[in-house]
Each structure stands twice: as structure tokens, then as C-alpha cells.
Protein chains: 2
Amino acid sequence: MPADKNIELSINDDHASAPPKAAKKILDVAYDLFYRRGIRAIGVDEIVKRAGVTKPSLYRSFPSKDELAASYLRQYDLEYWERFDEAVKAHPGDPRAQIKAFLTRIGKRTQVADYRGCGMTNAAVEYPDHSHPARVVSEANKQELRRRLRAMAGAMGAQDADTLGDGLLLLIEGAYISGQLFGLGGPAQSVATNADLLIEASLKK
Amino acid sequence: MPADKNIELSINDDHASAPPKAAKKILDVAYDLFYRRGIRAIGVDEIVKRAGVTKPSLYRSFPSKDELAASYLRQYDLEYWERFDEAVKAHPGDPRAQIKAFLTRIGKRTQVADYRGCGMTNAAVEYPDHSHPARVVSEANKQELRRRLRAMAGAMGAQDADTLGDGLLLLIEGAYISGQLFGLGGPAQSVATNADLLIEASLKK
DNA sequence: ATGTATACGTACCGATCGGTAACATTGTCA
DNA sequence: TGACAATGTTACCGATCGGTACGTATACAT
């Protein structure tokens, strides 16, 4: 895992303003460790060690470990909707195909060893307290997911759009969780199939 | 901290063998704290304090905190299948009604403030390492759940029993998670409805 | 060259983590 | 009464937790 500093130099030698160089390394490392092993399981010492920086550097860029965790999730949120919008853009005006594309992708992602599910979901499980900075980000992400799914269910012409949207959300969350519970060949591989069955059964006849 | 011994005596005056008196109190308290706030979030000091015992007592009955967590989940497992079998017994020979009863119960349980989902699922999120004692119990529980759901889907006459069984599992896991993510009025309240739609769409025509 | 601002490193803080050694006390049953 | 088993008491261990005081190095402008 050494020999990273050279890379970082080469990719960062644009002569733009470079004030927060350490902050990016810290957030990148924290992202990886928090996601793969859990937030509570990772101490700040390990983060700064793997990032090749020191602890005061971390606390100059982030007020606390909890806020660093929240920053990790904000980054996760950005990339999450990027993936979501990719599936949407691939099938303009066809919400059913959009859902199918998104869920097919999730189903595939779950079928790799050591899949760790959704960082948002995991963080909410780790922090039941609704006032925790990480959980605030997580809950907002899930509210937005619910909103989008319900809207798409309506656009599909579901008999009960809210129920179908919520059903799709249940399947998605179930895929995230069972993807990390069962290994390869787990139930999550059928999420797209089951979602399409549910959609078919929920449309106006 | 005194005046507790009298109480414990009065509730424990059955003249059976009473070797592990402290162990039960410890496990009861650990069960409650681990479930509500998470295993990593609770230290052994808090457990012994709330149980009114001392740390050596804990380590005489349990080899480690990790094993105590596993014992908590073994207890959780027992009660889990009690609830499951209740729903099964209520509708003999009718797996579809059994599922509906079980999911209706889950849907209701999720609609209380501070619902914390499934202890098994939460533990697996907290401990990604497959060799962790708590996770071993959790994975076994989920494997058994999958086995039962697939068998019931077959008994219902599904076109593809494994896919329907897995779809039901996804909905259940989704209900556990979204039950603690969204508060009241969350998507989990529709789990029974969505499951029945999915079942209807999956039966042989 | 010198001032100034900013980023970084060394060393440390008190608190808590899981876990243990050694010994005193208690209740139970023979 | 004596013996055993379970629990309690106190004090402690090394490691790690999140977080910080404070001095140093580097960059840039004047």
C-alpha cells in the first residue's frame, strides 16, 4: 500500500490553489475504511496512518470524527445519485426501464465477495441516534430515494404509486442488506426480477 | 445501589437449581442494550453497572464481550422463531396466509417510535468479518430464514419458488431496515401488501 | 531579508476500552 | 458445622479512544 505519494503528486501538480491537500487524502482513506469496515470500527489513528498524515491535520480539516463520517456520507451521497441518474438517463421517459437498470446494477454489485451494502444504510444501523451528524445525512438520502421511487411509480401508472414506490424501496434495502449477509448466490441477485414482477402486478389494468 | 437483592430473591424463589443467577441478569441487560443501541456502542462497564453486578461476574459466565454478543443473538434467535412459528401455527396448511400474518406483524412492529429493526441484521452490519462470533449466529439465522421462505414459496405453488422466497426475504429485510430509517409512516408499513402482490404475481396461472 | 500566514509534526491529554488477579463474602446443602 | 460454589470487592493491566497544546517548517509578499 505504499508508493501512493508519487501518484498524488503527479495528479495534483496543477498549479491551482492547493490549500486542502491533506484533507482530500484523509477523506479518501476515511471513505474506504468507513465503508468497508464500518465507522465505529475505525479509529482516527488508523485513518491518519493510512493517509500518511498526522492527527492534527485531520482536526484542522474536520471538527470531529463524527463530522468526518458525515463528510464521508456526503461524498457517498453524490456518487449515489450519479449512479442513479445514469440508470435514469439510459432510458429517457421510461421509468420502468430506469428502475430495472438501476436494480440490475445493484443486483450485480451484490454478487461480489465482501460486498458491504449501502454506506447510508450501514451508517444508520451504526448510529440509531437521529441527531448524529452521520445519521442526518443518511436519513436525508433515504427520504430522497423514497421520493424518487414514489414519483417513478406514479409515472409508470401504478394503481397505488406510493405503495409500489415503497415496495421498490423495500426490495432495494433488502438487496443492500442481504447482499452483505449472504455471499455469492444470495437473494439479492433476484432483486431486479422480483421488482419487475411487483411492478407488473401493481400497474392499472 | 443496594436494596436490589431483596427483589431478585422474591422473583427467584422457585426452589430449583439456581447456579447462574447473575448470568441471566447480565444477558437480559446486554440483550436490551445491544439491541437498542448496538453492540459496538455498549461497553461491558455499562452492562455490569445496569445489571447490578461486577465485571468479574460477567467474565465468569461469558468468555468475552464478543461471546456475550453471540449469546444475545442466540437468545434473539429463539424468540425470533417463536414469533415465526406463531404465524405459521395460526394458519395450518396455508403458507400464503402464514407469510401474510408474519409480515403484518412485522409491519406493525416497525410503526413504533425508535424501532430498531432486526438484531440479527444489525449485528451483521456492525461486524463484517465473517468469523466474528456474533456474525456466525446472525448468518445462520438468515440462512434458515431463507430456507423456510423458499420452502413456503414452493408450497404456495410459485412458478419459481426460489425467486419468490428470495423476493419475500428482500421485502422482509427491507422492512427491518427502513423501519428504523424512516420513523412512523415509513415504507415498512406496506410490506405485507407488497408481499401479497408479489406472491399473486408469482403463482402458477 | 524579513514578516506573516498557513500547513505540518511531536508529544501528550484524560477517558474509556476489554479483561484480569487476588481476596472477601455469601447462600446452600450435606 | 463444614465445604463448595457463586458472587462481590478492589485494584489494576496495556491498549486504544477522540482530541489538543505547542513548537516547527514552508510559501509568499513586501
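What you see below is based on every heavy atom in this structure, not just the backbone, and it leaves out hydrogens, waters and symmetry mates. Convention: sequence-line order gives letters A, B, ...; per-chain numbering from 1.
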B/Lys21 atom NZ is separated from C/dG27 atom P, nearest whole Å, by 8 Å
Would you call the rings of B/Tyr72 and B/Phe34 parallel, tilted or perpendicular, where under 30° means parallel and over 60° means perpendicular? tilted
B/Lys49 atom NZ is separated from C/dT16 atom C1', nearest whole Å, by 13 Å
Next item on the list: Give A/Ser57 one of three labels, base, sugar-phosphate or nothing, depending on what nucleic acid heavy atoms sit under 4.0 Å from its own.
Entry: sugar-phosphate
message = Does this structure show an ion pair linking B/Arg148 with B/Asp85, if we count only N-O contacts that are shorter than 4.0 Å?
response = yes
Next item on the list: Evaluate the ring planes of B/His132 and B/Tyr127, with Trp represented by its six-membered ring, and classify them as parallel (under 30°), tilted (30 to 60°) or perpendicular (over 60°).
Entry: parallel
Q. Do NZ/NE/NH1/NH2 and the carboxylate oxygens of A/Asp196 and A/Arg96 come within less than 4.0 Å?
A. yes
Only one of A/Arg146, A/Arg147, A/Lys142 passes side chain to side chain donor-acceptor pair (under 3.5 Å) with A/Glu144, and that residue is A/Arg147
Atom pairs under 3.5 Å, N or O on each side, protein against nucleotides 18-20 of chain D: can you list them with distances?
unit_1 : atom_1 : unit_2  : atom_2 : d
D/dG18 : OP1    : A/Lys65 : NZ     : 2.9
D/dG18 : OP2    : A/Val44 : N      : 2.9
D/dG19 : OP2    : A/Tyr59 : OH     : 2.7
D/dG19 : OP2    : A/Lys65 : N      : 2.8
D/dG19 : N7     : A/Lys55 : NZ     : 3.3
D/dG19 : O6     : A/Lys55 : NZ     : 2.1

note: A/Arg60, atom CZ; D/dG23, atom C1'; distance rounded to Å ~ 11 Å
Practice task
Determine the interplanar angle of the B/Tyr76 and B/Tyr31 rings, folded into 0 to 90°, and report it as parallel if under 30°, tilted if 30 to 60°, perpendicular if over 60°.
Solution key: parallel
note: A/Leu58, atom CG; C/dG9, atom P; distance rounded to Å ~ 12 Å
